[in-house]
Amino acid sequence: SLSSKMCERLTAGDPMTEIRLPDAPGGDPMARALGEAIKKSRHVKEINLARRRGSWARDWRGCGITEVGLAALVDGVRASQSHVETLALDYSPIGDQGMGILGAWLASDPPLRRLSVRCCGITAGGLQALLAGARRCLSLRVVCLEGNAIGDKGADLLADWLNTNSSLEHLFLGNCGIRAVGAEAILRECDRHPALAITGGVDLVNWDDMPGPRNEIPDTMLNAIRAALQNTMGRKANAAARPIQQSPPTMQANTAASQQAGGHAATIAQQQAAISALEAEKRAWSDERATLTARLAESEAARAAAQMQASAQAARMQAEIHRLTTALAAAQQTQGGPPSPAFSRSSFLAQYALTAMAATPTDVFAAVRALVSAYCTHAGVSPVAGETFAAALEREAAFLDGNLNEVDCLAQQLWTSGLRLPCSPIPRELSFILNEAIRLDRSNEAMLRPALQLVHNMNELCVDRRAGIGADVFPPNGRCYRGSVLPEAHLGFFHLGQRYRVPGFLATSRQESNATVFLTRAFKAHHQQHCAVLWRV
């Protein structure tokens, strides 16, 4: 695909300045690949993932990037030596979480001049996160928010931002659900915003072919905004061109030579006054930039101190967990080990035959949402984070495989997803959450019920229960690999030829290299407190 070719060119050191992707949507995998490739580039100035057809056509389709892919892309831009001036993410479902990611990047004052996030599922909450960082981005000139339901609350936030920003030149707000109250807030700032006045750059026009709530602003209010922009532009132009007032002539008998000398003197005085005004404006800009730079330095220092404190606290907690785990393992070994739960008495076995499989993709996604919601309640994770994680799984499945009618394959694909639910101390994938439901068994029926549905569908692919069919060796050489970590106290249990029951799905790979990647990731995630182990199963 074109995205793969671009990544190869960037990695090879191609001095490419523009990244435009008009081919099929690549979603988060494409964004992650671009992020890694951009780290090796020093020339990229424009990243346009809006996938538009034609030069200025509004028949747009997004590339399917979510907040997960956006985070990888922004990390790549941060780590590179490129000076990205244009970023277009139109019609990508990055939502309010994506605005938080962009706001954190803008707070570092990158050289970004143009940002376009049309129809990205943004609300006033996401806009607030974006503008919190945009206050420190002094280079931003163009912002497009068309097709996002920010409403009057978002308009108030923009007006407050414009009150502290004097460099923005264009602001596009069509189909944003803005009413008269929000338009009035913007009108107050248009009257004293010189850069917007020069360009006439506040656009509140609705587009019939664009999603998003239409603006409902009276024509009188729109005319007032246009008039305010024109009046501000006129005042600025008159101030720049106003001649120095001269006293009326007191003598009627001036010679032609005297009049010419007086004209030259007036011209010189005007030029000197204009130069003085420009120098004063330049000093004011320099003072404002110095103030903002000092505030940014203070904020960065405070953030670094907070991060160090949090890291130290996390290290102390991890050390305490390790100590308690080791003590528990020693106590169990002294007492002959913990009792093994009997599968024959498990609630899983009792309910498995009574649970129906998910019959449609809607049923599969409903089971995933119920499982994630129950896990969030069990682990103390925010329900909003759970809903966002479940929605991201559904979007990823749709982009990776447009045909979702094979519900068994869909369940297996969701189980293999690499997306993670943000929780402490370690973000968790859906495969972990499913196994956790099986391990908890009757102690958490809310997790077990939706888990049984997914297990039913996956077993249709993984387990052959038909009579008269012999067992095939899979994989062909009869060996799989698994990479993970294990507390040192339990190493003695595992040896060559050991057979044991796993309460859940045991994720393995036919490639030893894949298992090594998971081993390394798990070892780092546990802060190197456990032993790295490569199983041959």
Side-chain angles (χ1 to χ4, degrees), residues 1-55 60-94 97-118 120 130 133-134 136-144 167 170 293 296 300 396 399-400 418-419 513 517 520-521 524:
S1 66
L2 180 59
S3 60
S4 300
K5 293 179 181 178
M6 280 193 174
C7 291
E8 292 174 0
R9 289 172 57 189
L10 287 170
T11 305
D14 190 319
M16 186 188 308
T17 59
E18 297 181 358
I19 296 177
R20 295 171 179 261
L21 296 175
D23 59 336
D28 291 341
M30 176 200 69
R32 285 193 290 267
L34 274 179
E36 290 298 322
I38 290 175
K39 290 179 181 179
K40 302 177 177 61
S41 175
R42 298 163 48 184
H43 307 281
V44 177
K45 292 184 177 296
E46 177 179 346
I47 302 176
N48 190 335
L49 306 182
R51 304 189 63 250
R52 55 182 165 181
R53 306 174 190 167
S55 178
W60 302 52
R61 299 173 297 164
C63 282
I65 299 174
T66 69
E67 67 279 2
V68 178
L70 177 61
L73 180 63
V74 170
D75 286 343
V77 173
R78 281 178 181 270
S80 74
Q81 298 183 19
S82 296
H83 297 282
V84 177
E85 298 179 355
T86 300
L87 179 61
L89 300 165
D90 302 347
Y91 284 83
S92 290
I94 55 178
Q97 288 191 338
M99 292 302 97
I101 295 170
L102 289 176
W105 176 44
L106 293 179
S108 63
D109 192 17
L112 190 70
R113 295 177 61 85
R114 292 168 289 275
L115 175 64
S116 182
V117 285
R118 283 185 179 93
C120 288
L130 176 69
R136 300 176 181 175
C137 185
L138 304 180
S139 60
L140 201 57
R141 296 293 183 270
V142 180
V143 175
C144 179
S167 60
H170 291 277
T293 302
L296 177 60
E300 290 294 335
E396 182 188 58
F399 281 115
L400 292 178
L419 297 180
S513 58
V517 171
T520 304
R521 190 174 71 182
K524 292 180 179 178

Colleague: Is it the case that the side chain of R141 and the backbone of S139 share a donor-acceptor pair, with hydrogens and angles ignored and the cut-off at 3.5 Å?
Modeller: yes
Colleague: Starting at SG of C144, measure out to NE2 of H170 and round the result to the nearest 0.5 Å.
Modeller: 11.5 Å
Colleague: Taking only residues two or more places apart in sequence or in another chain, which ones pass side chain to side chain donor-acceptor pair (under 3.5 Å) with T86?
Modeller: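 T86 satisfies side chain to side chain donor-acceptor pair (under 3.5 Å) with R114 once adjacent residues are dropped.
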Colleague: Atom CG in L138, atom OG1 in T293: separation rounded to 0.5 Å?
Modeller: 7.0 Å
Colleague: Nearest heavy-atom pair of S41 and S80: which atoms, and what distance?
Modeller: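 So the minimum-distance heavy-atom pair works out to O-CB, 3.7 Å.
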Colleague: Which heavy atom of P15 sits nearest a heavy atom of H43, and at what distance?
Modeller: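 For P15 and H43, the tightest heavy-atom pair comes out as CA-CD2, 3.4 Å.
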Colleague: Return the minimal non-hydrogen interatomic distance between M30 and I65, and the atom names on each side.
Modeller: CE-CD1, 3.8 Å
Colleague: Sort out for me which residue in L87, V84, L102 forms a side chain to side chain contact (heavy atoms under 4.5 Å, CB included) with V74.
Modeller: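 Testing each of L87, V84, L102 against V74, the sole residue satisfying side chain to side chain contact (heavy atoms under 4.5 Å, CB included) is L102.
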Colleague: Search all heavy atoms of P93 against all heavy atoms of E67 and return the closest pair with its distance.
Modeller: O-OE1, 4.1 Å
Colleague: Checking I101 against I94 for the side chain to side chain contact (heavy atoms under 4.5 Å, CB included) test, could you report, in this order, the C-alpha distance in whole Å, the side-chain angles of both residues, the deciding distance, and whether it holds?
Modeller: CA-CA 10 Å; I101 295 170; I94 55 178; over 6 Å; no
Colleague: To the nearest 0.5 Å, what is the distance between CG on L73 and CG on D28?
Modeller: 10.5 Å
Colleague: Working to the nearest 0.5 Å, report the span between CD of E85 and CG of L115.
Modeller: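 Rounded to the nearest 0.5 Å, the CD-CG separation comes to 13.5 Å.
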Colleague: Using a 3.5 Å distance criterion without hydrogens, assess whether the side chain of T66 forms a donor-acceptor pair with backbone atoms of V68.
Modeller: yes
Colleague: Would I47 and L89 satisfy side chain to side chain contact (heavy atoms under 4.5 Å, CB included), going step by step from the backbone distance to the final call?
Modeller: CA-CA 9 Å; I47 302 176; L89 300 165; 6.0 Å; no
Colleague: If you take all heavy atoms of S92 and G64, which pair is closest and at what distance?
Modeller: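 Between these two residues, the closest heavy atoms are OG-N, 4.0 Å.
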Colleague: Of all heavy-atom pairs between C137 and D109, which one has the smallest distance, and what is that distance?
Modeller: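 For C137 and D109, the tightest heavy-atom pair comes out as CA-OD1, 3.5 Å.
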Colleague: Calculate, to the nearest 0.5 Å, the distance between atoms CZ and NE2 belonging to R113 and H83 respectively.
Modeller: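 Spacing of CZ (R113) from NE2 (H83) equals 14.0 Å.
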